[in-house]
Amino acid sequence: MDIPLSTIAVVGLGTMGTGIAEVLARAGREVIGIDINEAAARQAVASLEASTARAVSRERITEQERRDILARFRTFSDLQAAADAELVIEVVPETYEIKQQVFRELDAVVSPTAILATGTNALSVTRLAAESQRPERVLGLHFFNPAPAMKLVEVVSSVLTAPPAVESVTRLARELGKEPVAVGDRPGFVADGLLFGYLNQAAAMYEANYASREDIDAAMRLGCGLPMGPLALLDLIGIDTARTVLEAMYAASHDRLHAPAPVLGQLTGAGLTGRKAGRGFYTYAAPGSQTVVADALTPAEDTGAVAGRTVESVGVAGSGTMASGIAEVFAKAGYPVVLAARSQEKADTAKGRIARSLERSVAKGRMTEEARDETLARVTASGSLDSFAGVDLAVEAVAEDLDIKRQLFQTLDKVCKPGAVLATTTSSLPVVAVARVTGRPEDVVGMHFFNPAPAMKLVEVVRTVLTADDVHATVREVCAKVRKHPVDCGDRAGFIVNALLFPYLNNAIKMVEEHYATLDDIDAAMKLGGGYPMGPFELLDVVGLDVSLAIERVLHSEFRDPGLAPAPLLEHLVAAGCLGRKTGRGFREYARR
């Protein structure tokens with residue numbers, strides 16, 4: 001049965017409630033805003049007035065349309081005002097007690113056909129529905145903040161929810177210009193279910209002093225293309241709110257990845273709940289401000305206490321995409337580069353790949369023909385590592401196999417001159433394991449570029465317990481010269497990016513295994529609700545399922561956490577030869593070229 005939803009009540013006029021009210025009023029709905037705090041109601045009206053005034057000034061709506069929108073939004077302080085609403089959306093504080101009280105009171109007020117929606121992102125919709133006299137009319141309607149801008153809406157059904165109610169709110173979401181995703185009732189649903197596990201791991205990484213807050217955030221922004229780093233995002237969400245969500249998730253899953261990092265409880269207990277308090281992981285200019293100000297943890301200006309070694313020439317070992325990309329980066333920055341492979345033919349092929357890349361830059365107007373020719377002339381292709389005898393920095397980019405890398409470093413140890421820095425681009429293997437096969441482990445460091453190296457700004461600089469201070473300083477100085485952003489991390493599996501990224505990807509696979517959501521819905525949820533440039537399954541197919549499985553196995557072996565065990569579905573696909581785009585089939589099928 002078609003249920004019209006023309007008059008809608010929004011209970012709770014905080015930031016989220018006000019945003020939802022604005023979306024509804026702009027879409028032509030009569031909106032009844034309800035909040036026991038009259039100041040909050042006045043602020044909601046003022047917010048709508050301000051946003052619609054900006055829309056008029058930008059010529060997105062007319063003055064008459066603005067007046068019509070404002071006329072459709074009325075505020076009240078009593079739930080009795082919801083009597084004529086066909087849909088009520090509650091966005092009151094995230095506690096069972098408050099939400100259950102609202103639902104009990106609404107039962108006595110609204111029509112028997114009215115739909116009651118909770119905006120929770122952490123609490124059980126089923127438990128809330130059970131408190132209602134009409135549980136079949138209760139569902140979850142989870143908007144994302146800021147509601148006017150974010151496209152995703154998770155429509156959450158409990159085992160008690162009637163299908164017509166779900167159909168009605170799903171239709172409404174589409175009419176509002178949103179992308180509805182249907183999900184079942186479990187803490188965090190899809191987007192927050194994946195997002196908050198990742199945020200929790202980042203908080204735990206920071207708490208362990210593995211990396212600075214600035215480096216963790218920069219690594220995820222630059223390495224994964226995310227709009228915000230995880231710690232800055234926790235400050236925006238509210239550290240207390242994040243902890244509440246994680247507590248609910250852990251109660252349901254008993255997965256250690258969801259057990260709130262102790263630092264979240266410590267900050268919450270101290271009242272340092274993020275932007276709204278003026279301080280969380282970062283310090284802000286004022287409560288509610290988005291301007292970060294320096295504090296005791298802000299890194300000091302680099303005073304150059306330890307000088308790096310002189311680097312005038314670079315050797316890059318390997319013939320694949322990563323090796324040619326790294327060689328291109330150094331050549332563009334003015335370094336003479338020796339690109340060495342197992343044969344002269346492979347080295348020439350790798351140099352040819354650089355030539356084609358440079359030609360594309362010329363075609364796009366990013367480089368002149370003269371600069372292209374000068375850059376390519378700096379690259380010398382060689383079929384032997386003996387040509388590394390005079391380089392100051394040797395960077396290996398060969399297969400991600402420890403035995404192969406060890407053999408290579410044994411050769412570099414013999415070939416390279418004393419004082420040369422030896423760097424590995426490994427993304428998952430222990431750097432110290434290759435350092436130890438040389439007679440100069442103090443000269444060995446990790447220098448993890450991201451693919452494609454010419455485009456990606458991040459380099460993870462990985463020092464072992466044996467790496468010399470001046471070697472570490474050298475790599476950071478070189479990163480600056482080639483216009484890359486270095487982040488420091490210790491020598492443990494996954495470093496920063498992969499240690500945070502792959503548990504998230506693994507959890508997405510588990511959601512599919514459990515038939516909780518589809519590939520398409522999960523990808524849409526993370527792109528629309530989390531701001532991710534690619535959904536997890538799109539990314540897995542691009543990275544390669546075999547590569548992803550190898551990294552997840554290394555993480556599981558290193559940290560021994562049951563929650564990090566690779567999802568069986570991933571192992572089955574790899575065993576079947578479905579490795580992603582490169583084989584034409586992974587989680588999805590692709591047209592062969």
Side-chain angles (χ1 to χ4, degrees), residues 194-236 257 261 263 280-282 292 297-299 302 322 325-326 329 400 423-431 445-464 467 472 475-480 482-506 526 530-534 536 539 542-543 547-548 551-552 554-555 558-559 564:
L194 294 176
L195 176 65
F196 279 86
Y198 150 71
L199 296 177
N200 192 40
Q201 291 298 101
M205 180 181 281
Y206 169 77
E207 185 173 23
N209 290 319
Y210 176 68
S212 71
R213 60 191 180 182
E214 288 84 2
D215 279 355
I216 291 171
D217 280 354
M220 299 313 292
R221 283 189 292 104
L222 300 175
C224 296
L226 299 180
M228 294 183 75
L231 302 180
L233 182 54
L234 279 165
D235 275 357
L236 176 61
L257 295 176
V263 69
F281 286 100
Y282 295 90
V292 175
L297 299 178
T298 302
D302 187 2
M322 182 59 82
I326 294 171
V329 167
E400 192 74 347
T424 172
T425 62
T426 182
S427 64
S428 59
L429 301 174
V431 177
V445 67
M447 198 174 182
H448 179 212
F449 286 81
F450 286 72
N451 202 21
M456 299 295 280
K457 293 294 184 184
L458 181 69
V459 174
E460 289 178 318
V461 178
V462 187
R463 62 184 305 172
T464 75
T467 304
H472 173 251
V475 171
R476 287 190 63 90
E477 290 170 6
V478 166
C479 285
V482 298
R483 297 185 177 180
K484 300 298 181 184
H485 184 104
V487 296
D488 288 328
C489 47
D491 185 20
R492 75 179 198 188
F495 311 135
I496 296 175
V497 174
N498 286 347
L500 295 178
L501 175 63
F502 280 89
Y504 149 78
L505 296 174
N506 202 39
M526 297 316 297
Y532 283 65
M534 301 178 76
L539 182 57
V542 168
V543 170
V547 174
S548 300
I551 292 172
E552 290 182 3
V554 168
L555 291 172
E558 174 101 341
F559 298 106
L564 295 176

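The structure presented is a predicted model; accordingly, all values stated were derived computationally and were not measured. Index from 1, following the sequence.
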Counterpart residues, ring pair (Phe, Tyr, Trp, His ring centres under 6.0 Å), relative to Phe281 (two or more places apart): Tyr206

Do Glu552 and Leu564 come close enough that some side-chain heavy atom pair is under 4.5 Å? no

Side-chain heavy atoms of Leu226 within contact of Pro533, under 4.5 Å: yes

Worked check of side-chain hydrogen bond (donor to acceptor under 3.5 Å, both in side chains) between Asn498 and His448: CA-CA 11 Å; Asn498 286 347; His448 179 212; 5.0 Å; no

Would you please name every residue forming a salt bridge (Lys or Arg N to Asp or Glu O under 4.0 Å) with Asp215, sequence neighbours left out? none

Among residues at least two apart in sequence or on other chains, which ones pass ring pair (Phe, Tyr, Trp, His ring centres under 6.0 Å) with Tyr504? Tyr532

Distance col, row Met526:CE vs Tyr198:OH, nearest 0.5 angstrom, shows 9.5 Å

Please identify each residue that fulfils side-chain hydrogen bond (donor to acceptor under 3.5 Å, both in side chains) with Asn506, with sequence neighbours left out. none

Partners of Glu400 by salt bridge (Lys or Arg N to Asp or Glu O under 4.0 Å), sequence neighbours excluded? Lys405

Residues in side chain to side chain contact (heavy atoms under 4.5 Å, CB included) contact with Thr464, at least two apart in sequence or another chain: Val431, Val432, Leu466, Thr467, Asp491

Out of curiosity, Cys489 SG to Ile496 CD1, how far, rounded to the nearest 0.5 Å? 4.5 Å

In Å, rounded to the nearest 0.5 Å, how long is the span from CD of Gln201 to CZ of Phe559? 9.0 Å

Please examine the side chains of Val461 and His472, heavy atoms only from C-beta on, and report whether any two atoms are closer than 4.5 Å. yes

Side chain Lys484, main chain Val329, donor-acceptor under 3.5 Å: no

Residue pair Val487, Phe495: steps toward the side chain to side chain contact (heavy atoms under 4.5 Å, CB included) verdict: CA-CA 10 Å; Val487 296; Phe495 311 135; over 6 Å; no

Please report the interatomic distance CD(Glu460) to NE2(His485), rounded to the nearest 0.5 Å. 11.0 Å

Nearest-0.5 Å distance that lies between atom OG in Ser427 and atom CZ in Phe449: 14.0 Å

Residue pair Leu501, Leu539: steps toward the side chain to side chain contact (heavy atoms under 4.5 Å, CB included) verdict: CA-CA 10 Å; Leu501 175 63; Leu539 182 57; 4.0 Å; yes

Could you tell me whether the side chain of Arg476 reaches within less than 4.5 Å of the side chain of Asp488, counting heavy atoms only? yes

Separation between NZ (Lys457) and SG (Cys479), nearest 0.5 Å, reads 12.0 Å

